[in-house]
Amino acid sequence: IFRFLLTTSYYQLSVQNWFSLHRLQLLYNHSVQATFNATRIYAPSSYSYHCDRVSSLQRYDALLIPSSANDVSKLWEVTFIDFQIQGFNIQEGHFAYAKDCASFFSPAILMGLVMSLILLLVLAYALHMLIHLKSLDRHYECKASPAYFVQMKDSDMGDEKEPLRSSGNESYELRSQQFCKIYI
C-alpha cells in the first residue's frame with residue numbers, strides 16, 4: 001500500500017491553485033517500510049499529473065528520493081509505470097486533463113535547433129555569395145593575340161613555332177594560341 005502526501009498552494013503568477021506531491025510512503029503490514037520525497041511532481045489543481053515512469057532509480061531520472069541517507073528506503077527500488085495522480089477536483093471518478101512530466105525542451109531538441117541554425121547560416125552565406133557573384137559574360141573579351149616566348153632548346157617544337165625578327169633576343173610565336181582578357 002502506498003500513502004501520498006499532497007499539498008495545494010496558490011500561485012499569483014499563474015492565478016490558480018497547484019497541487020504538489022511531497023512524500024510517498026510504502027506501507028507493509030500497517031507499518032511504514034520506506035519514505036520517499038517527491039521532486040518535480042506538480043500540476044494545477046484542476047488537472048492531473050501524468051508521467052510514463054516515476055521511479056527512485058537514477059537511470060529513470062529519479063523523481064522519488066529516499067527521505068534520509070540512513071533510511072531503509074535506500075534498500076527499496078520503486079518504479080511506477082504510466083503514473084497518473086490527481087488529488088483535487090475529481091469528477092465522476094475520471095482523471096482531468098493531464099499535465100505531462102515530459103518537458104518541451106530536451107537535449108535532443110536543443111541539438112536539433114543548433115544544427116538547424118548552423119545549416120541556416122550556411123545557406124544564408126551561400127545565398128549571399130550567389131547574389132554577389134559577378135558575371136563574367138559582360139566583361140569577358142577573347143582576342144586572337146600573339147603570345148611571345150623565349151626560345152627553347154627543345155628540338156621537336158619546330159613545327160609549332162615560327163621565328164620572329166626582333167632586336168637582341170630571338171623569340172617565337174605560337175600560331176594557334178588564343179589570348180583572353182578578363183575585365184573585373
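The analysis underlying the following values was restricted to heavy atoms, covering all of them including side chains, and did not include hydrogens, waters or symmetry mates. Computed from a prediction, not measured in an experiment: that's the story for all the values here.
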Q | side-chain hydrogen bond (donor to acceptor under 3.5 Å, both in side chains) against Ser48, all qualifying residues, sequence neighbours excluded | A | Gln84
Q: Evaluate the side-chain proximity of His22 to Ile41: yes if any heavy-atom separation is below 4.5 Å, no if none is.
A: no
Q: Could you tell me whether the side chain of Pro44 reaches within less than 4.5 Å of the side chain of Lys99, counting heavy atoms only?
A: yes
**Q.** Heavy-atom side-chain proximity of Phe36 to Leu63 below 4.5 angstrom
**A.** no
Q: Mind checking side chain to side chain contact (heavy atoms under 4.5 Å, CB included) for Thr35 and listing every partner two or more places apart, or none if nothing turns up?
A: Arg23, Gln25, Val32, Ser67, Asp71
Q: First locate atom OH of Tyr49, then atom CG of Leu21, and finally report the distance between them rounded to the nearest 0.5 Å.
A: 9.0 Å
Q.
Can you confirm whether Phe80 is buried at CZ, in the sense that more than 12 heavy atoms of other residues, nucleotides or ligands lie under 6.0 Å from that atom?
A. yes
Q) So which residues get pulled into Tyr47's cluster when ILVMFWY side chains under 4.5 Å apart are joined, directly or through others? A) Tyr97
Q: Starting at OG of Ser45, measure out to CH2 of Trp18 and round the result to the nearest 0.5 Å.
A: 9.5 Å
Q: Using atom types as modelled and distance alone, determine if a side-chain donor or acceptor of Ser56 lies under 3.5 Å from a backbone N or O of Val78.
A: yes
Q | Pairs satisfying salt bridge (charged side-chain N to carboxylate O under 4.0 Å, His left out), at least one member in residues 26-55, at least two apart | A | Arg40-Asp61
(Q) When you group the ILVMFWY residues by side-chain heavy-atom contacts below 4.5 Å and let the links chain together, are Phe4 and Leu26 in the same group? (A) yes
**Q.** Partners passing ring pair (Phe, Tyr, Trp, His ring centres under 6.0 Å) against Phe95 (at least two apart in sequence or in another chain)
**A.** none
Q.
Between Val54 and Leu64, does the side chain to side chain contact (heavy atoms under 4.5 Å, CB included) criterion hold? Intermediate values first, please.
A. CA-CA 7 Å; Val54 173; Leu64 302 174; 3.8 Å; yes
Q | Nearest atoms (heavy-atom pairs only) where Ser55 meets Leu57 | A | OG-N, 2.9 Å
(Q) One pair to check against side chain to side chain contact (heavy atoms under 4.5 Å, CB included): Ile85 and His50. What are the steps and the verdict? (A) CA-CA 7 Å; Ile85 189 169; His50 176 264; over 6 Å; no
Q: Please report the shortest heavy-atom distance between Phe19 and Leu6, naming the atom on each side.
A: CD1-CD2, 3.9 Å
Donor-acceptor pairs are to be reported for all side-chain atoms of residues 111-133 against protein atoms at under 3.5 Å, with residues two or more places apart or in another chain.
residue	atom	partner	partner atom	Å
Ser116	OG	Gly112	O	2.8
His132	ND1	His128	O	3.1

Q: Indicate the atoms forming the closest heavy-atom contact of Ala96 with Gln86, along with that distance.
A: N-OE1, 2.8 Å
